[in-house]
J.: 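The following block contains the structure, expressed as structure tokens.
Given the structure is predicted, the values throughout are model-derived calculations rather than measurements. Whatever order the structure lists them in is the order used to number ligands and atoms, beginning at 1.
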Amino acid sequence: ASASGPKHLMSMDDVSPDELSKLVLNAAAIKRAVKAGEPSPEFSAGLTGKTVAMMFSKLSTRTRVSTEAAVAMMGGHPMFLGKNDIQLGVSPVHSIKHMLDEKAHPRNQVNESLLDTSKVISSMTSCMVARVGPHSDVTELARHSSVPVINALSADFHPLQIIADYLTIHEAFSKDAKELVPGGLKIAWVGDANNVLFDLAIASVKLGVDIAVATPKGYEIPKVMEQLIQQQAGTTKNPGKLIQTNVPEEAVKNADILVTDTWVSMGQEEETKKRLQAFSGFQITSELAKRGGAKSGWKFMHCLPRHQEEVADEVFYSDRSLVFPEAENRLWAAASALQSFVVNKGKIM
Ligand code: CP
Ligand code: NVA
């Protein structure tokens, strides 16, 4: 985005530690007010007469439902555009001849570029919320958009999830409504180094929360991403530490929260067999927490959707599990992000 253009939410790298705290605490305030039946008129009418385009090239339960529900709650119109609803190209058209070959390329799959799509949709709506494959797809949409663009999950980042996750951590661990998280907190991520982890790690370093990551060999955080995570230390006086290991027990030691996600993210389906083998031994169980020496009151989190291989039922459905409040918090995170990025035009107050 140009200096004068709209402020977009591509990843947790786009917000300062203070802005991230405000996004989370505003989500908490919206949640309290709506549950008490007293949302402010500014909130409830924030998107009146406005349309939020939701361009999703991958499946979604939580992100879709939370965004649509948040827009409705704020008086706006959520317009869901799945990958078969708009002309945004899925398969490249190299020549007129190819385009005219109905079998190779059905006529209803014309390839309209991200540039053209962004200019057109942003001229008619107040925000684009986009779920994409490569992260460059969402940054390309943002680059040409006249309205704020919010990343609804890309191959690299999932900012709305992390606002919800920190709201969940705040509710489970903070003694004081004004304190985002208590000092000295440690997260253990056991599993794949993926989009959700990258944004969680960026946010954790910013917020002074230590994060220990255990992945199998060959599935570590890529170097460029590690650098981006470590760079966050420069944004705050009290950065959290990033710790990396190939041993789940080491990550779990003294952890307050054990977190994981699927071992096979959307788009990696053809690697399923190889991944299930590589990740064996990385399932989160109470035995692992005990062996590794997690704190006695440890909690479990997962962005969902979940499979049994990455976390046993005895943890997933236990009192330690925060997964369902975490899922609900996606609604309040979406509302908070829409309020800051769309209603308040990028001013996070
Ligand atoms: N956690 C999450 O983003 O879920 P969906 O893929 O269902 O939106
Ligand atoms: N890492 C997962 C998260 C889904 C919400 C994926 O990208 O498929």
J.: Taking it one step at a time, do Asp313 and Gln308 satisfy side chain to side chain donor-acceptor pair (under 3.5 Å)?
T.: CA-CA 7 Å; Asp313 274 357; Gln308 276 201 12; 3.2 Å; yes
J.: Tell me whether Arg131 contacts the main-chain N or O of Ala152 through its side chain, where contact means a donor paired with an acceptor under 3.5 Å.
T.: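 Checked: pair present.
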J.: I would like to know whether Val129 and Phe80 meet side chain to side chain contact (heavy atoms under 4.5 Å, CB included); could you show each step before the answer?
T.: CA-CA 9 Å; Val129 177; Phe80 187 80; over 6 Å; no
J.: Donor-acceptor check, side chain of Arg62 to backbone of Ala327, threshold 3.5 angstrom: yes or no?
T.: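 No; zero donor-acceptor contacts below 3.5 Å.
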J.: Are the side chains of Leu197 and Asp261 in contact, using a 4.5 Å heavy-atom criterion?
T.: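 Result no, sub-4.5 Å side-chain heavy-atom pair not found.
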J.: Give the protein residues with at least one non-hydrogen atom closer than 4.0 Å to an atom of ligand 1, ordered by chain and number.
T.: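 Around ligand 1, where the cutoff is 4.0 Å for heavy atoms, the contacting residues are Ser60, Thr61, Arg62, Thr63, Arg131, His158, Gln161, Cys303, Leu304, Arg330.
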J.: Do His135 and Phe157 have ring centres separated by under 6.0 Å?
T.: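 Yes, ring centres under 6.0 Å apart.
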J.: For the pair Phe279 and Trp263, name the ring-plane relationship: parallel under 30°, tilted 30 to 60°, perpendicular over 60°.
T.: parallel
J.: Distance-only, no hydrogens or angles: does the Glu326 side chain make a donor-acceptor pair with backbone N or O of His302 under 3.5 Å?
T.: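 Yes; at least one donor-acceptor contact below 3.5 Å.
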J.: Less than 6.0 angstrom from the centroid, inside 45 degrees of the normal: does Arg64 satisfy that with respect to the ring of Phe56?
T.: no
J.: Output the set of protein residues with a heavy-atom contact under 4.0 Å to ligand 2, ordered first by chain identifier and then by residue number.
T.: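 Within 4.0 Å of ligand 2, the protein residues are Leu153, Asn194, Asn195, Asp261, Thr262, Ser265, Met266, Leu304.
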